[in-house]
Asker: 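Sharing a structure below in C-alpha cells format, with a few things to ask.
Below, chains carry the letters A, B, ... as their sequence lines are ordered, and counting in each starts from 1. No hydrogens, no waters, no symmetry mates; every other heavy atom, side chains included, goes into these values.
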There are 2 protein chains.
Amino acid sequence: MVISPKHIQILETAEKLFAAKGFECTTVRDIAEEAGVNLAMISYYFGSKAKLMEYLFEHRTGNIGMRVENLLKNDSLAPMEKVELLIDEHIERAVQQQRFHKIMLCEQVINKNPVIIKVLRKIKIRNTQIIETLIKDGQKKGAFKKPVDVVLLLSTMIGTVNQMLINKTYYRDFNKLDDLTDEQLQALIKKRLSNHIKKLFKAILTNEP
Amino acid sequence: MVISPKHIQILETAEKLFAAKGFECTTVRDIAEEAGVNLAMISYYFGSKAKLMEYLFEHRTGNIGMRVENLLKNDSLAPMEKVELLIDEHIERAVQQQRFHKIMLCEQVINKNPVIIKVLRKIKIRNTQIIETLIKDGQKKGAFKKPVDVVLLLSTMIGTVNQMLINKTYYRDFNKLDDLTDEQLQALIKKRLSNHIKKLFKAILTNEP
DNA sequence: AATAATCTTAAACATTTGTTTAATTTTAAA
DNA sequence: TTTAAAATTAAACAAATGTTTAAGATTATT
C-alpha cells in the first residue's frame, strides 16, 4: 500500500482521537472532520475503521525491533550499561508516543482484535528474547545474578511507565508541582522514571546495593 | 437505592462482558441476554448503561479504604511487614477481581467518565496518603531511607501487577508452563509477583541488600 | 487534446444502538 | 378477595453508526 501525506494525516488524527476517547467512541465522522477530509475517504483509503486501526499499529510499531537491536550492537558497553540504554529508550518512546501507548494498553486489555494481538505478540517475543540474551551474557560475565524472570522484570518497566503516564496529572497534584509547565513536568517524570527503574533493575539483576 | 440479588446478577454479568469486550462494545442487549433478564430491566433498575457502570464501580470499590486501614492498625508489626501486607493485599485483590481491574485500567486510560474519575481519584489519594504515613513512620524508626517518591513506588506495584495480568498467557508460553492449569498458573504468578515486588520495595525503601 | 485512472464528494443505506412506552403479569397490602 | 404497587415484557422510537454508491472533479497518461 502506498502511503501519502494524507494517509499519515488521517492516521495521526485517528491516533489522537482514539487516545482521547477510545476506539469505539471515536466515529469515522469525528476523524474525517478533525482531519479535514471527506467521510468516505477513510473507507476509500483504509477499507474500514478497523483496518485503519491496524494500519496505525503497523505505522507505529514498524521498526521497534530494529532500533532495539542497533542499540545493543555496541560491544564496548557493559551489560548493565546496555540495560540502562534499553530502559531510557523505552521511557523515551513511551513518553514521546504517549497517545499510541495508551491505545496499545487498552487494546491489550481488551485483547479482541486478532491482527493487533498478533503484531504485539511478535514485538513482545522479540523484545523479551533480546533482553534474555543480554541478561544471559551478563550472567556469563558475572555481572548479573541468576536466575532472572525476564517477563516479570519487563512487566515492571513497562507497567511502571504506563502507570505513571496514566497518573501524570495526579502526580503533579500530589507532589504540588503546579508551577511546572507540561513540558517541565514531563521532563521531570522522565528523569525520575529513569532513575527509579534503573535502581529497580539493579536490585534484581546485580548483587550491589 | 435498594440492591436486590437481581441487581447483583446484572452488575456481575455486565462486569464480565465489559472486561471481555470493553464498555462500548458491550450492548445492553448482550447484558440482558447473558443475565437472563429483559432488556428494559436494565434501564428500569439502573437508569442507563452509563449509570450501570457507575454502580459497578461503587459496588467494587466500596470498602477498599477501610480494608487497607484495618490492615495497618496492628501495632505489633514492623513498617516493612506492613508494606508487605499491603503488597499481598493488592495482588490478591487484583487477581481475585481481574475483570474489574481490567475495566478500571481502561477507564483510567480513557479518562472520560467524570463520575469514575472522581471515585478513582478519591481512592488513589486515600491510599497514597495512608502509605505515605506508613513510610514516614518507617523513616522515623530508622527502618526506611528518605526521601521516597510514594506515587512512583505505587506505580511500580500497580503497574507491574496490571502488566502481568495482561500478559498472563504470554507468561505461560514464554516460560513453557503449558502443563499448569489456569488455577496453578494464577497461584504461581501471585507468588512470584509477591516476591518480586517485595524485593523491589526493599531496594527502594531500605538500605539492606 | 482526448482518454483513462484516481480522487473527492454528498447522499443514501442498512444496522445497531440505548432508551421509552404501554400493556400485562406478579407480588404485596388492605 | 380486592386493590394498589412493583416487576416484567414485547414492541416501538429516534438517533447514530460504518459503509457504499454514483456522480462529479482532478490528475496523469497517451
Asker: Has A:S48 got a side-chain N or O lying under 4.0 Å from the OP1 or OP2 atom of D:dT19?
Answerer: yes
Asker: Between the side chains of B:K102 and B:E107, is the shortest nitrogen-to-carboxylate-oxygen separation below 4.0 Å, so that they form an ion pair?
Answerer: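 No salt bridge links B:E107 with B:K102.
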Asker: Is A:Y45 near enough to C:dT8 that one of its side-chain N or O atoms lies under 4.0 angstrom from OP1 or OP2?
Answerer: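 Yes, within the criterion.
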Asker: Under a 3.5 Å cutoff, is there a donor and acceptor pairing between the side chains of A:K82 and A:N74?
Answerer: no
Asker: With the side chain of A:A40 defined as its heavy atoms from C-beta on, choose the nearest nucleotide among C:dA10, D:dT19, D:dA10.
Answerer: C:dA10
Asker: Quick one: is B:K6 getting a side-chain N or O under 4.0 Å of the D:dA7 phosphate, OP1 or OP2?
Answerer: no
Asker: In residues 9-28 of chain A, what residues come within less than 4.0 Å of DNA chain C, judged by heavy atoms?
Answerer: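 Within this stretch, nothing sits under 4.0 Å of the strand.
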Asker: Assert yes or no for the condition that the ring centre distance of A:H7 to A:Y55 is strictly below 6.0 Å.
Answerer: no
Asker: So A:L39, base contact, sugar-phosphate only, or nothing? Heavy-atom distance under 4.0 Å.
Answerer: base
Asker: Between atom OH in B:Y44 and atom P in C:dA22, what is the gap in whole Å?
Answerer: 16 Å
Asker: Between the side chains of B:Q97 and B:E15, is a donor N or O closer than 3.5 angstrom to an acceptor N or O?
Answerer: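 Per modelled atom types, B:Q97 and B:E15 side chains form no pair under 3.5 Å.
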Asker: Checking contacts here: which listed nucleotide (D:dT19, D:dT9, C:dT19) is nearest the side-chain heavy atoms of B:M41?
Answerer: D:dT9
Asker: Figure out the CD1/P separation between B:I42 and D:dT9, and round it to whole Å.
Answerer: 12 Å
Asker: Starting at CD1 of A:I31 and ending at P of D:dG18, how long is that distance when rounded to a whole Å?
Answerer: 8 Å
Asker: Please compare A:V37 and A:R29 by the position of their nearest nucleotide in DNA chain C and report the one closer to 5'.
Answerer: A:V37
Asker: Atom CG of A:D30 and atom C1' of D:dG18: how far apart are they, to the nearest Å?
Answerer: 12 Å
Asker: Whole angstroms only, please: what is the CZ-C1' distance between B:F46 and C:dT20?
Answerer: 18 Å
Asker: Evaluate the criterion salt bridge (Lys or Arg N to Asp or Glu O under 4.0 Å) for residue pair B:E69 and B:R126; output intermediate values, then yes/no.
Answerer: CA-CA 10 Å; B:E69 273 175 4; B:R126 187 165 180 183; 3.1 Å; yes
Asker: Is the backbone of B:I31 close enough, under 3.5 Å, to the side chain of B:E34 for a donor and an acceptor to pair up by distance?
Answerer: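 Not a single qualifying donor-acceptor pair exists.
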Asker: Could you walk me through whether B:D88 and B:K198 pass the salt bridge (Lys or Arg N to Asp or Glu O under 4.0 Å) check?
Answerer: CA-CA 9 Å; B:D88 283 327; B:K198 284 173 189 172; 2.7 Å; yes
Asker: C:dA10, OP1 or OP2 - any side-chain N/O from A:N38 closer than 4.0 Å?
Answerer: yes
